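These notes are about the structure you will find just below.
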Amino acid sequence: MIVLKFGGASVVTPQSFHRVAKIVQKRKEAGEPVVVVVSAMANATDELLELAQEVHPNPPRREQDMLVSVGERISISLLAMALDRLGVEAVSFTGSQSGIITNEDHSEAKIIDVRPHRLSATLKAGAVAIVAGFQGVSRAGEITTLGRGGSDTSAVALAAALDAPCVDFYKDVEGIYDRDPKQGTAQLLPQLEYTQAKEIAKGGAKVLHLRSIELAEKNGIQLAVRSFHRPETIGTLVGPRRTSFSGRVYE
Ligand code: ASP
Ligand code: MG
């Protein structure tokens, strides 16, 4: 089982979806079932939040979630289309359709369970399952979102539910660095323990969301950070390979 996560920086233009689709196709050719979690395109989430602000200075959080969850729906459907053009069978799913169950805390929801029946059926049929990150559904059937940057956590929670040993994050950087790679000489860190990766995330590095590292640690899931410009190499590997497993945890 392979879980891939593509962030907003990897889906900036319509052409980006072709590049992502080619990476997914390549991973699919290895023969394992593939789940792809995608974020909203570049600034789509910010733009949707600004749009809400233009209508209401303090929008009801339920309605804001209904609005911002659209960003990821745009990405999943376009990626499914790009894969179809390559002849790769793929089906897109919202967080709700993927069985990502959260509490009722709109805009900061916590995942309380994952029931990925539809994903499992899709994978069993040999298709790629594409999942909208950042969103879920409450037990009452309300659309929720997980907080900014939450799609990293969606990917790790799905890996936990589907027994995937690793999540591959495709980024616009090669991996995790000892300091901001956009400012001066930074060293790429090939291997990190969860604790080290958490410290780097707490220090403000945007490369992996802290909550997703914590969740990976609880479930013993490895995190591979790599560049979508050079998808063949892993830049940074976080966490020891799973040795023991004492049950799934979602937050
Ligand atoms: N699209 C959401 C955000 O911009 C979630 C994510 O990208 O992880 O915060
Ligand atoms: Mg992100």
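All figures in this text were calculated on a predicted structure; none of them were measured in a lab. First listed ligand is number 1; within each ligand, the first listed atom is number 1. Values below: every heavy atom of this structure, side chains too, minus hydrogens, waters and symmetry copies.
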- Note on the structure: Numbered in order shown, the ligand 1 atoms found under 4.0 Å of a heavy atom of Ser151 are 5 (C), 6 (C), 7 (O), 8 (O)
- Report yes if Arg148 has an N/O atom closer than 3.5 Å to an N/O atom of ligand 1; otherwise report no. yes
- Item | Nitrogen or oxygen of Gly147 less than 3.5 angstrom from that of ligand 1 | no
- Message: Any heavy atom of Gly133 closer to ligand 1 than 4.0 angstrom?
- Response: no
- Atom indices of ligand 1 within 4.0 angstrom of Ser39 heavy atoms, with elements: 6 (C), 7 (O), 8 (O)
- Query: Side chains of Thr13 and Ser16: do they bring a donor and an acceptor to under 3.5 Å?
  - Reply: yes
- Message: Hydrogens and angles aside, do Ser138 and Thr102 bring a side-chain donor and acceptor to less than 3.5 Å of each other?
- Response: no
- Any N or O of Thr45 that comes nearer than 3.5 Å to an N or O of ligand 1? yes
- Is any side-chain heavy atom of Val34 closer than 4.5 Å to a side-chain heavy atom of Leu4? yes
- Query: Within the distance-only criterion (no hydrogens, no angle test), does the side chain of Asn219 pair as donor or acceptor with the backbone N or O of Ile221 below 3.5 angstrom?
  - Reply: no
- Item | ligand 1-proximal atoms of Glu72, by part, heavy-atom distance under 4.0 Å | side chain
- Correct closest heavy-atom pair for Val114 and Ser98 would be CG1-O, 4.5 Å
- Check whether any heavy atom of Gly8 sits under 4.0 Å from an atom of ligand 1. no
- For Gly150, take its heavy atoms, then give the atoms of ligand 1 lying under 4.0 Å from any of them. 5 (C), 8 (O)
- Item | Within-4.5 Å side-chain heavy-atom neighbours: Val11 and Leu79 | no
- Given Lys198 and Glu217, is the salt bridge (Lys or Arg N to Asp or Glu O under 4.0 Å) satisfied, shown in steps? CA-CA 10 Å; Lys198 285 192 290 184; Glu217 184 174 21; 2.7 Å; yes
